[in-house]
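Quick caveat: nothing in here was measured; it's all calculated off a predicted structure. Protein chains get the first letters and strands the later ones, always in sequence-line order, with residue 1 at the start of each.
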2 protein chains.
Amino acid sequence: MTVTIYDVAREANVSMATVSRVVNANQNVKPATRKKVLKVIEELGYRPNAVARGLASKKTTTVGVIIPDISNSMYAELARGIEDIATMYRYNIILSNSDQNENKELQLLETMLGKQVDGIVFMSDVISSELLYEMQRSPTPIVLAGSIDESAAIASVNIDYYGAAYEVVKKFIDNGHKKIAFVSGPFTSRINKAYKLKAYREALADAGIEFDENLVVECNNTYDEGIEAAKTLAAFEPTAYFVSNDEMSIGVLHGLGELGKTIPEDAEVISYENSKLARMARPTLTSVAFPLYDIGAVSMRLLTKYMNDEEIEEKQVILPYRIEERQSTKQE
Amino acid sequence: MTVTIYDVAREANVSMATVSRVVNANQNVKPATRKKVLKVIEELGYRPNAVARGLASKKTTTVGVIIPDISNSMYAELARGIEDIATMYRYNIILSNSDQNENKELQLLETMLGKQVDGIVFMSDVISSELLYEMQRSPTPIVLAGSIDESAAIASVNIDYYGAAYEVVKKFIDNGHKKIAFVSGPFTSRINKAYKLKAYREALADAGIEFDENLVVECNNTYDEGIEAAKTLAAFEPTAYFVSNDEMSIGVLHGLGELGKTIPEDAEVISYENSKLARMARPTLTSVAFPLYDIGAVSMRLLTKYMNDEEIEEKQVILPYRIEERQSTKQE
DNA sequence: TTGAAAGCGCTAACAG
DNA sequence: CTGTTAGCGCTTTCAA
């Protein structure tokens with residue numbers, strides 16, 4: 001029924017090995033033979049079976065990608081970065097959503113290893129010790145994308161979360177703000193708690209401003225919670241808002257709008273993400289550019305190095321960030 | 001090195017077949033034997049090799065998904081729908097971006113068939129005849145998600161694009177509008193040209209309103225082009241705008257705002273997508289709810305039926321749409 | 001430059 | 001309920 005390498009070999013009067021060489025662009029084939037084989041392949045409509053190839057060669061040219069949720073634009077951007085580089089190196093991607101559920105993550109890891117992927121790109125706000133343990137004993141290389149593993153045991157690609165947050169708060173302080181709100185994503189995420197919040201506190205401390213826990217709101221990264229946060233914070237009259245992502249920032253903008261505040265005159269807002277939403281907000285959002293696409297791309301590139309046993313210069317890659325100035329902050 | 005089914009069989013003093021039965025939850029195994037095998041599996045850390053399994057069984061429990069661009073929220077939503085149902089049926093997904101490039105689409109199809117996927121979900125605005133030809137001779141079932149194949153040769157899941165567009169225009173007409181603009185996506189897409197535009201023309205004709213080509217703008221579905229379109233159209237003073245997606249609608253809203261127009265008093269706007277952006281716009285957007293997630297989910301479900309040789313009631317599925325009323329149209 | 005042959009790790013009859 | 005035995009379609013030594 002389906003035509004196999006054997007059929008091609010028979011028709012072309014050569015051995016399977018020769019057909020295999022032709023298909024794999026091996027140089028050790030006489031041009032005339034190659035041509036003859038190619039012709040038969042064409043005639044028969046032969047299509048190499050990647051599964052059989054994978055079993056024999058122990059390489060599937062497929063990598064696993066485990067992310068929280070592809071319908072969230074941040075992760076979608078990351079996924080696109082991963083896929084583009086994967087395609088460039090001729091890998092395909094098995095994509096799965098974990099919803100940040102640890103059991104699902106463990107199970108996905110297991111499934112992908114079972115499918116013999118050549119490597120895995122993993123993203124999650126929190127890497128439990130069990131997950132870390134499993135990753136370390138993985139027979140296949142793993143790269144963390146935009147995720148922190150405190151032990152630095154697993155390769156990863158991130159930006160300087162602390163530095164970016166510190167710079168934002170410092171900027172507010174330099175502009176004369178004393179009451180600076182921090183509308184954060186969940187503190188279960190190490191990035192939010194051990195990096196951004198820490199930077200927030202230390203930037204305040206370095207400027208001699210006392211930390212006020214009323215000015216910090218932990219949210220679930222949604223638009224509605226951004227609106228809520230703005231209203232909750234109103235009682236404490238902050239004049240500057242540092243918000244963890246664009247969607248929530250728009251929520252803050254709208255919440256503030258409902259309270260009659262004008263941005264940036266009454267309060268300045270700096271977001272953290274810089275997706276296309278930042279330009280679609282009114283006023284447009286000043287935002288820390290969090291390069292998700294690049295993180296994905298670099299993660300995948302790093303993974304190819306592991307898969308090819310290339311030398312790794314740095315296992316923990318830190319990408320640059322920048323702050324994109326727009327209308328939600330005052331321009332000098 | 002890696003532990004195989006043979007190692008387990010030897011340790012447990014049973015045959016490979018028995019181990020296979022245990023692993024595949026086959027009932028024909030004595031509980032005691034099962035337990036013994038399970039224990040050895042645990043001890044040895046045996047993990048079934050899905051590639052070998054795929055070669056032997058001719059099933060990979062993997063389906064291919066070919067979409068234009070995962071970083072576009074519409075397709076991301078679709079992908080999530082597909083993945084959720086796939087997971088439910090224990091399939092994994094190989095996800096690839098085609099960027100609507102026909103050669104890439106053909107090549108991806110080829111690659112996925114080579115990888116022996118059990119089925120494919122495909123999405124593209126235009127299905128060329130060559131693509132159609134390849135799909136028809138695919139040894140593996142294919143379902144089109146949110147894509148039109150005029151010949152109806154391939155199974156598909158869509159909504160009634162014509163009906164939805166007709167209803168929007170009719171609604172505008174009933175509200176007394178005479179100059180109704182249509183800000184469309186590319187007319188290379190059959191959905192835009194043969195369904196939406198057709199409905200727009202026919203709704204006007206049915207109401208005795210003459211078609212004015214100046215009121216139709218073909219765009220590339222982006223925010224910036226939405227702004228542009230609003231400005232271009234201004235010369236013809238439309239009082240109603242039917243826009244092809246949320247991002248572009250927000251562009252129109254902002255373009256109109258810059259021209260000093262108030263929505264919905266000066267002009268009404270109805271979008272087509274109803275993503276979360278619709279609620280984040282100001283004013284919030286009335287929008288045709290285009291159920292991408294559902295289209296993905298139903299496509300995948302339909303695909304499982306083909307993969308399991310279940311009976312198919314309808315090959316061309318049409319899902320319902322509805323119009324979500326918000327502030328960009330006048331409320332009665 | 002080419003071929004023969006031995007697997008890769010598993011499933012699926014078939015037999016008992 | 002369990003074991004034996006062929007493959008699945010390809011890569012990869014090893015020889016020639």
Start and end of the DNA chain C segment that chain A contacts, any atom under 4.0 Å from a heavy atom: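 That gives a stretch of C:dT1 to C:dG9.
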Would you mind building the protein contact string for nucleotides 5-16 of chain D? One character per nucleotide, 5' to 3', B for base within reach (heavy atoms under 4.0 Å), S for sugar-phosphate only, - for untouched. --BBBBBB----
Are A:R90 and A:T61 side-chain neighbours, meaning at least one heavy-atom pair lies under 4.5 Å?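 Side-chain contact under 4.5 Å: no.
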Just wondering, do A:L132 and A:S151 contact through their side chains at under 4.5 Å, heavy atoms?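 They are in side-chain contact.
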Any Lys/Arg nitrogen of [X] or [Y] sitting under 4.0 Å from an Asp/Glu carboxylate oxygen of the other?
{"X": "A:R80", "Y": "B:D69", "answer": "yes"}
{"X": "B:E311", "Y": "B:K305", "answer": "no"}
{"X": "A:R301", "Y": "A:E310", "answer": "yes"}

Would A:V157 and A:L144 count as a side-chain contact (heavy atoms from CB on, under 4.5 Å) here? Give the steps. CA-CA 6 Å; A:V157 179; A:L144 296 176; over 6 Å; no
D:dT2 OP1/OP2 closer than 4.0 Å to side-chain N/O of B:S15: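 Looking at the OP1 and OP2 atoms of D:dT2, neither is under 4.0 Å from any side-chain N or O of B:S15.
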Would you say A:Y293 and A:D84 are linked by a side-chain donor-acceptor pair, where the criterion is simply a distance under 3.5 Å?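 Distance-only check passes for A:D84 and A:Y293.
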Verify whether one side chain among B:Q116 and B:T60 offers a donor that lies under 3.5 Å from an acceptor in the other. no
